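To start, the structure itself, in structure tokens.
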Amino acid sequence: MYYEIVVLAVIIIFIMQYIGGFSINKFVDDNATYFKKLQEDDFEFYAKAKYGDAIDIDKLFNNRLRDAMLVGLLVGFLMINQMSYIMLLVIFAVIFGMFKLPYMQLKNYYKGHLHQIDSQLPYYLKNLEILIQHYTVPVALGKSVGDAPEIFQEGLRDMIEKINAGDSTITPYMEFAKEYPVRDSMRMMRLLYRLGLGKQERKQEQLLTFSRTVSSLQQKAREARYKSRLDKMESKTMRMLVCTGAGVMLLLVLSILQTFSS
């Protein structure tokens with residue numbers, strides 16, 4: 001009888017949603033002003049970093065609320081025979097967890113995305129430095145697109161298109177840096193812009209400065225990679241020690257219990 005009630009409740013919710021007798025979407029939309037206060041300050045930033053500027057932030061946020069409430073209702077019906085203050089707290093905790101999960105996924109995506117950019121940018125700039133020794137900066141940028149890491153290619157095409165359209169300001173370079181906001185990206189784009197403006201007699205001097213900065217970034221990237229590997233090894237070692245210790249303790253407890261039982 002218990003499962004029949006749960007299935008019936010789910011069907012009723014679906015029908016009410018479909019015919020509009022009770023709509024969670026309408027409830028969320030009608031109270032959007034109040035629910036908006038629950039939105040994290042950096043939610044819009046992380047959402048646009050993943051989906052682009054065209055994403056409807058309000059719709060994305062309302063979908064988070066709707067999904068969390070639907071899961072909360074389902075859990076509530078599952079626990080209807082065991083309802084108590086503790087179960088109410090559990091339901092609210094589930095709703096809160098489901099509400100926060102998409103935000104945490106966006107945040108983790110952004111961190112992983114930045115880590116990938118941060119680790120690949122120095123090596124792309126090193127290849128670009130070699131091209132600049134033989135070509136002007138705009139030409140070198142154009143020739144670098146094919147061999148650039150895939151993550152940079154769209155941004156590079158946009159920057160080159162603006163430069164070729166006649167924009168001789170620093171704006172295209174800064175927009176590229178903002179699209180990939182990692183360590184020293186702003187400074188590197190300023191150096192690149194000045195290198196493109198420099199006179200031929202100063203090119204070698206500016207290129208030397210650019211080369212030193214790129215080499216420094218490569219060293220930092222290597223250190224970060226080694227540190228990441230070391231942290232993973234330490235984490236695996238700690239898990240192994242904990243599992244081994246737990247196993248030994250379990251065997252010891254079983255041995256003691258067996259001794260007392262005999």
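Fair warning: this is a prediction, and the values are worked out from it, not measured in the lab. Residue indices begin at 1 and follow the sequence shown.
Under the 4.5 Å side-chain heavy-atom criterion for Ile, Leu, Val, Met, Phe, Trp and Tyr, I151 and M186 are members of the same hydrophobic cluster. By the criterion of side-chain heavy atoms lying less than 4.5 angstrom apart, applied directly or through intervening Ile, Leu, Val, Met, Phe, Trp or Tyr residues, I130 is not grouped with Y124; the two fall into different hydrophobic clusters. Both L38 and M69 sit in one connected hydrophobic cluster of ILVMFWY residues. Membership requires side-chain heavy atoms under 4.5 Å apart, directly or through other members.
Between the CD atom in Q133 and the CD atom in E129 there is a gap of 5.5 Å [rounded to 0.5 Å]. The CD atom of E175 lies 10.5 Å from the CE atom of M159; values are rounded to the nearest 0.5 Å. We find the CG-CG distance between D147 and L128 to be 11.5 Å, quoted to the nearest 0.5 Å. In this structure, F152 CZ and F176 CZ are separated by 6.0 Å, a value rounded to the nearest 0.5 Å. Interatomic distance, L192 CG to L125 CG, rounded to the nearest 0.5 Å: 7.5 Å. Interatomic distance, D67 CG to N62 CG, rounded to the nearest 0.5 Å: 11.0 Å.
Taking all atoms of both residues into account, the shortest heavy-atom contact from Q120 to P149 is OE1-CB, 3.0 Å. The two residues A148 and Q153 have their closest heavy-atom pair at O-NE2, 3.0 Å. Between L121 and S185, the shortest heavy-atom distance links the atoms CD2-CB, 4.2 Å. Taking each heavy atom of Y135 and A140 in turn, the nearest pair found is CB-N, 4.1 Å. The nearest pair of heavy atoms linking I57 to A47 is CD1-CB, 3.8 Å. When all heavy atoms of L195 and V137 are compared, the closest pair comes out as C-CG2, 4.0 Å.
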Indicate every side-chain donor-acceptor pair of residues 166-173 with a distance under 3.5 Å to a residue at least two apart or in another chain.
| residue | atom | partner | partner atom | Å |
| --- | --- | --- | --- | --- |
| D167 | OD1 | T169 | N | 3.1 |
| D167 | OD1 | T169 | OG1 | 2.6 |
| T169 | OG1 | T171 | N | 3.3 |
| T169 | OG1 | T171 | OG1 | 3.1 |

Can you give each donor-acceptor pair under 3.5 Å made by side-chain atoms of residues 92-106, sequence neighbours left out, with the distance rounded to 0.1 Å?
| residue | atom | partner | partner atom | Å |
| --- | --- | --- | --- | --- |
| K100 | NZ | E40 | OE2 | 2.9 |
| Y103 | OH | D42 | OD1 | 2.8 |
| Y103 | OH | D42 | OD2 | 3.2 |

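The side-chain contact (heavy atoms from CB on, under 4.5 Å) check on D58 picks up K36, D56, with sequence neighbours excluded.
Within a 6.0 Å sphere centred on NZ of K126, other residues, nucleotides and ligands contribute more than 12 heavy atoms.
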